[in-house]
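Accompanying notes for the structure given below.
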Amino acid sequence: MDNLIEGIIVVAVLAGAAFTLVGSLGLAKLPDFYMRLHGPTKATTLGVGAILIASMLFFSPREAGLSLHELMVALFLFITAPVSAHILAKAAMHGDVKRNPKTRGEPWEQ
Amino acid sequence: MFAKLFPHPLFSALLAVIWLLLAASYSAGQVLLALLVGWGLPFFSSALWPRRPPLAKPLAMLGFIATVLYDIVIANVVVALLILGPSRRLKPAFVVYPLALEDRLAITVLANTISLTPGTVSADVSLTRHALLIHALNVEDEEELVRSIRERYEKPLQEIFG
């Protein structure tokens, strides 16, 4: 039983680390500002989520009661990550940041 | 009487739960404090809030959250593969999404959901709140994207917010 839980924790930590790494890679290698936004807003949500699951599984048997405050980290992350992405995109449109020439459609003027 | 004491019952319950989770302890004292915060904050601040109708179907929210969580997992795998693949094959696009929702909170929830799910970030809301501007990382067919957002997220939100 302990081995099984430890196995799940290991998989969750590794998967979390992998997704966070890919998110950061996206930030480094994608061609324009708007596309780079996608890396950190998404790949990292699952990355952090997996690490939080691992943390809950690891700490619950070691401390009194279930360890649930990780849920708060997830909640605040899910609320704030899209908002910061939205503001960054808005600021970029306002500042007329260069876009990848293949981008279809235009940001509107207002 | 009840409505006076608890102007936002759902909000009260949420606050109490968040308090307990943040305190990370379920002793009698903390439970008491949680109840106090859950009752007091909405009660004393309700005069400052815009009047809003209660959710039409609060329970449908659970189904919506489940759909979104599932989509977040899929989105992450899809975006990870797109990032690892060659960048020149990506087809980024700005897509204008015509909104059917009118409630401000509902539009906020929809915009946040769009940002959390497959390859799309909501970039702006039109001044009249009739459309969202979405940036997509890789999109073949804009109409298909609009249709899937309408079916998967906007329609359930319309039901929840009534």
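Every value quoted in this text rests on a predicted model; they were computed, and no experiment measured them. Note on naming: letters A, B, ... go to the chains in the order of the sequence lines (proteins, then strands), and numbering restarts at 1 for each one. Reckoned from all heavy atoms, side chains included, excluding hydrogens, waters and symmetry mates.
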Notebook entry, point to check: Looking at OG1 of B:T120 and NE2 of A:H38, how far apart are the two atoms once the value is rounded to the nearest 0.5 Å?
Noted result: 7.5 Å

Notebook entry, point to check: So which of B:A136, B:A93, B:A111 has the biggest tally of heavy-atom pairs under 4.5 Å with chain A?
Noted result: B:A93

Check: Which atom names give the shortest non-hydrogen contact between A:F78 and B:N112, and what distance separates them?
Finding: O-ND2, 4.1 Å

Margin query: Please check if the number of heavy atoms outside B:E144 that lie under 6.0 Å from its CD is greater than 12.
Written below: yes

Checklist line | Heavy-atom closest contact (A:K29 atom, B:L84 atom, distance) | finding: NZ-O, 3.7 Å

Margin query: Taking side chain as everything from C-beta outward and backbone as N, CA, C, O, which of these in B:L132 sits under 4.5 Å from a heavy atom of chain A? Side chain, backbone, both or neither.
Written below: backbone

Checklist line | Check: B:I18 and A:M72 side chains under 4.5 Å, non-hydrogen atoms | finding: yes

Notebook entry, point to check: Which answer fits A:L88, side chain, backbone, both or neither, if we ask what part of it has an atom under 4.5 Å from a heavy atom of chain B?
Noted result: neither

Checklist line | Toward chain A, the part of B:V17 with a non-hydrogen atom under 4.5 Å | finding: neither

Checklist line | Minimum side-chain heavy-atom gap A:M93-B:F94 below 4.5 Å | finding: yes

Note to self: Please determine whether residues B:V96 and A:L37 belong to a single hydrophobic cluster, defined as Ile, Leu, Val, Met, Phe, Trp and Tyr linked transitively by side-chain heavy-atom distances below 4.5 Å.
What the structure shows: yes

Note to self: Shorter than 4.5 Å, heavy atoms on both sides: which option in A:A81, A:P82, A:A89 has the most such pairs with chain B?
What the structure shows: A:P82

Next item on the list: Under 4.5 Å heavy-atom distance to chain A, tell me which part of B:V73 shows up: side chain, backbone, both or neither.
Entry: both

Item checked: 4.5 Å side-chain heavy-atom contact, B:V125 and A:H86 -> yes

Notebook entry, point to check: Transitively linked via ILVMFWY side-chain contacts under 4.5 Å: A:V83 with B:I134?
Noted result: no

Note to self: Rounded at 0.5 Å granularity, tell me how far OG1 in B:T108 sits from CD1 in A:I79.
What the structure shows: 11.5 Å

Note to self: Are A:I87 and A:F76 linked, directly or through intermediate hydrophobic residues, by side-chain heavy-atom contacts shorter than 4.5 Å (ILVMFWY only)?
What the structure shows: no

Margin query: Using the rule that Ile, Leu, Val, Met, Phe, Trp and Tyr join whenever any side-chain heavy atoms are under 4.5 Å apart, tell me whether A:F58 and A:V10 fall into a single cluster.
Written below: no

Next item on the list: Find the one option among B:T113, B:L90, B:V95 whose heavy-atom pairs under 4.5 Å with chain A are most numerous.
Entry: B:L90

Check: Below 4.5 Å, heavy atoms only, C-beta onward: do A:H69 and B:L22 meet side chain to side chain?
Finding: no

Item checked: B:V68, part contacting chain A, at a heavy-atom distance under 4.5 Å -> neither

Check: Are A:L57 and A:L4 connected, step by step, through hydrophobic side chains (Ile, Leu, Val, Met, Phe, Trp, Tyr) whose heavy atoms are closer than 4.5 Å?
Finding: yes

Checklist line | Heavy-atom pair with the smallest gap, counting every atom of B:P92 and A:M35 | finding: CG-SD, 3.7 Å

Next item on the list: Show your reasoning for whether side chain to side chain contact (heavy atoms under 4.5 Å, CB included) applies to A:L30 and B:L82.
Entry: CA-CA 10 Å; A:L30 289 174; B:L82 287 177; over 6 Å; no

Notebook entry, point to check: Which answer fits B:A131, side chain, backbone, both or neither, if we ask what part of it has an atom under 4.5 Å from a heavy atom of chain A?
Noted result: both

Check: Given side chains that start at C-beta, do those of A:V22 and B:L81 come closer than 4.5 Å, heavy atoms only?
Finding: no

